[in-house]
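All values below were derived from every heavy atom in this structure, side-chain atoms included, with hydrogens, water molecules and symmetry-related copies excluded. We count ligands from 1, going down the list as the structure has it; atoms in each ligand are counted the same way.
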Amino acid sequence: MKLTYYGHACFAVETGGKHVLFDPFITPNELAKDIDINAVPADYILVSHGHGDHIADVEAIAKRTGAMIVSNAEVSEWFGKKGLKSIHPLNHGGKKEFDFGTVKAVNAIHSSGLPDGSYGGNPLGFVVTTKEKTFYYSGDTALTMDMQLIPRYAKIDFAVLCIGDNFTMGYEDAIEAAKMIQCNTVVGVHYDTFGYIKIDHQQVQNAFKDAGIQLLMPRIGESIEL
Ligand code: NI
Ligand code: MN
């Protein structure tokens, strides 16, 4: 499965001929200035929660591509009110089969207010099962015992986990999360974008190595095969 990193917590997977984009925050991200959002393909946009650093480019990309927005009820309806017709609401514990695979909404410990002050519901993580691979995207979250439930119903091939600390799990908790979900391949996201979440790459890589877990940190704009 091809995964492309667009900076911060934004990435896309390509599977079964479909492009599934997560948490697009590109145009406000100085580190992602070389990414042209008009060239980012999307058939689906999965949105973990309502914060600006996860939704900034949802509207523009959805309008251009007609991609379906999948998020919690409050966030997806907020986009619906902006005139975006293709939305699908999910809530925690629920799953839905789409033409690229099945998405299950799982718990995330965070907050979710929308930029205009609207209520953004509760934040989500996603377990995505496709014909190729099954993966978990944590969204913005603390480490939570709920993660231990995931291997009971899904064998996770790789996980996309926040590692930047301050607003979310730091690398130490991300390592514990990887153990809970029984996954040895992690793509790190939600780091370096702002001063609060700048990390020491070598220190983080060493900690993952010591734990026997592979940490992938693709460059912004880079695609990797998983
Ligand atoms: Ni957030
Ligand atoms: Mn965030």
Original post:
Is it true that E225 and K2 have a side-chain N and a carboxylate O under 4.0 angstrom from each other?
Top reply: no
Subject >> Cation over ring face, K104 and F126, 6.0 Å, 45° >> reply: no
Subject >> Metal check, the Ni ion (ligand 1) vs H51 N/O/S, cut-off below 2.8 Å >> reply: yes
Subject >> Residue pair D23 / Y137, side-chain donor-acceptor N/O under 3.5 Å >> reply: yes
**OP:** Have a look at D53 and say which of its N, O or S atoms is nearest the Mn ion (ligand 2).
**Re:** OD2
Original post:
How are the rings of H49 and H54 set to each other: parallel, tilted or perpendicular (split at 30° and 60°)?
Top reply: tilted
**OP:** Rounded to the nearest 0.5 Å, what's the gap from NE2 on H190 to CG on L161? Could you check?
**Re:** 12.5 Å
Original post:
Which atom, counting only N, O or S, brings D140 closest to the Ni ion (ligand 1)?
Top reply: OD2
Original post:
Can you tell me if an N/O/S atom from C162 lies under 2.8 Å from the Mn ion (ligand 2)?
Top reply: no
Original post:
What atom name does the N, O or S atom of D140 nearest to the Mn ion (ligand 2) carry?
Top reply: OD2
**OP:** Give the atom name of whichever N/O/S atom in H190 sits closest to the Mn ion (ligand 2).
**Re:** NE2
